[in-house]
2 protein chains.
Amino acid sequence: MNTVPVFKTYLMNNGLRPTSERMAILSEVSKKNSHFEADELYLELRKKNKSISRASVYRTLPILVDCGFLRELAFDKKRKHYEFNYGLDHHEHLVCKRCGKIIEFQSESLELELEKAIKKHGFTQETHCVEVIGYCKKCIEKDK
Amino acid sequence: MNTVPVFKTYLMNNGLRPTSERMAILSEVSKKNSHFEADELYLELRKKNKSISRASVYRTLPILVDCGFLRELAFDKKRKHYEFNYGLDHHEHLVCKRCGKIIEFQSESLELELEKAIKKHGFTQETHCVEVIGYCKKCIEKDK
DNA sequence: TTTGTTTGTGAGATTGAGTCTCAATATCAA
DNA sequence: TTGATATTGAGACTCAATCTCACAAACAAA
Ligand SMILES: [Zn+2]
Ligand SMILES: [Zn+2]
Ligand SMILES: [Zn+2]
Ligand SMILES: [Zn+2]
C-alpha cells in the first residue's frame, strides 16, 4: 500500500518531520494483522534491533491514529489497544468475557443505521467503535 | 426503584454481604443522572460524611456493573467512567473531540441491526457500547 | 448468647501504563 | 554553512487503580 507517501504528506501538512523512528514505526505497524498494544510494539522493535525509545513509540501511535492508519480500540480499559486500519474493511468487535476471544464482524446495515442516527444529531463522524461484551458460542456450551 | 432488594438478592446469590458501605454506594450512585468516575464518587461520599475508603469504592463499582446497575463507558481511555443504567432507556454516545461534549442518542433500528449481527455469530450479548468520535454541530460551525 | 469461620474494610504501600523533562541530536530552509 | 525548529532517548514522574494485611463486621451452628 501507499502508506509511506500518505504518511509523509500528513506529517508535512502538520509541521511534523518524517524521522526514521516514525517511518520505522509505521512500517512495523502496517505488518500487523491483529490487535496490539504500545509496549508490545516497543519490545518487538527492540528485538529487531530497531531500538526506538518507549517515549517515541508512545508519541507516534496517536499520530498514526490521527491520520487514519490505526484505530484505537476500547476493550480492556487498562491498556490502550490498536489495530492497523488502512485500506481494510471496517469491522466491529464481539468480546467474550470468559475466554477473552475477540470476534470481528461486519454489517453494512448496522453502519447505515449508525450513520443515520449520527446525521440526525448534526454530528460529524470521524470514527466510531461498536463493542459487544458477552459470551461466545463455545463458552455458552461449556457452561451447560 | 427497587434497587435495594435487587442488589441484596444479587449479593446473596454470589456469597457477598450487604454491608453498609455497599448499600451507601448503591444509593449514591442511583441518584446520579450523568456520567461519573470512581474518585469523584469517593470524594462526594466523603463530603456527605459517609466516609467510605477509596478501596471500597473501587471494589464496589465492578460489582454494580456486574449486576447491571452501572454501565462502564469507553470514552477517555485514561480513567474509567460509569453511568447509572437501571430501568432507564438504553442509549449510545457521540463524543466531540474539540469541546468534549457528550451527546446521548437512541436508535431502535440501530439496536435491532446490532442484535441481528450478534446472533449471526452465535454470540450471547450482555452489554454493548457504541461510541462515535467526531465533532458536534457547534464546533463544526466555529471552525469555518 | 458464644464460638468459630468467612468475608469486608481502611490506611497506606505498590503497581504500571503512560507522560514529561531536558540536554543532545536531527531536520530543514535559507 | 548556519540558525531556527522539531525530535529523540533515558530516566524521572504521574496518578488511577490495585494490593496488603491487621482489624472489624457478618453469619451459621450450637
Ligand atoms: Zn468464549
Ligand atoms: Zn479488529
Ligand atoms: Zn464540540
Ligand atoms: Zn450516557
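Below, all heavy atoms of this structure are taken into account, side chains as well, without hydrogens, waters or symmetry copies. Here is how names work: the chains are called A, B, and so on, in the same order as the sequence lines, proteins then strands, and each is numbered from 1. Keep in mind it's a predicted model, so treat the numbers as computed, not measured.
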NZ/NE/NH1/NH2 to OD/OE distance under 4.0 Å, [X] and [Y]:
{"X": "B:Glu113", "Y": "B:Lys116", "result": "yes"}
{"X": "B:Glu44", "Y": "B:Lys47", "result": "no"}
{"X": "A:Asp66", "Y": "B:Lys97", "result": "yes"}

Whole-Å gap separating [atom2] ([N]) and [atom1] ([X]):
{"X": "B:Ile63", "N": "C:dT7", "atom1": "CD1", "atom2": "P", "result": "13 Å"}
{"X": "B:Arg79", "N": "D:dC15", "atom1": "CZ", "atom2": "P", "result": "9 Å"}
{"X": "A:Phe36", "N": "C:dA17", "atom1": "CZ", "atom2": "P", "result": "16 Å"}
{"X": "B:Leu11", "N": "D:dC27", "atom1": "CG", "atom2": "P", "result": "11 Å"}
{"X": "A:Lys78", "N": "D:dT18", "atom1": "NZ", "atom2": "C1'", "result": "8 Å"}
{"X": "B:Glu72", "N": "D:dA16", "atom1": "CD", "atom2": "C1'", "result": "13 Å"}
{"X": "B:Asp39", "N": "D:dT18", "atom1": "CG", "atom2": "P", "result": "12 Å"}
{"X": "A:Leu41", "N": "C:dA17", "atom1": "CG", "atom2": "C1'", "result": "15 Å"}

Q.
Quick check on C:dG18: is either OP1 or OP2 less than 4.0 Å from any side-chain nitrogen or oxygen of A:Tyr58?
A. yes

Q: Measure the spacing between OG1 of B:Thr60 and CD of B:Glu21 and express it to the nearest 0.5 Å.
A: 8.0 Å

(Q) Nearest 0.5 angstrom please: B:Lys142 NZ to B:Cys99 SG, how far? (A)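 Going from the NZ atom of B:Lys142 to the SG atom of B:Cys99 covers 6.0 Å.
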
Q. Ring centres of B:His35 and B:Tyr82 under 6.0 Å apart?
A. no

**Q.** Heavy-atom protein contacts under 4.0 Å, nucleotides 3-14 of chain D, coded B base, S sugar-phosphate only, - none
**A.** --BBSBBB----

Q | Position toward the 5' end of DNA chain D (nearest nucleotide), B:Met12 or B:Pro62 | A | B:Pro62

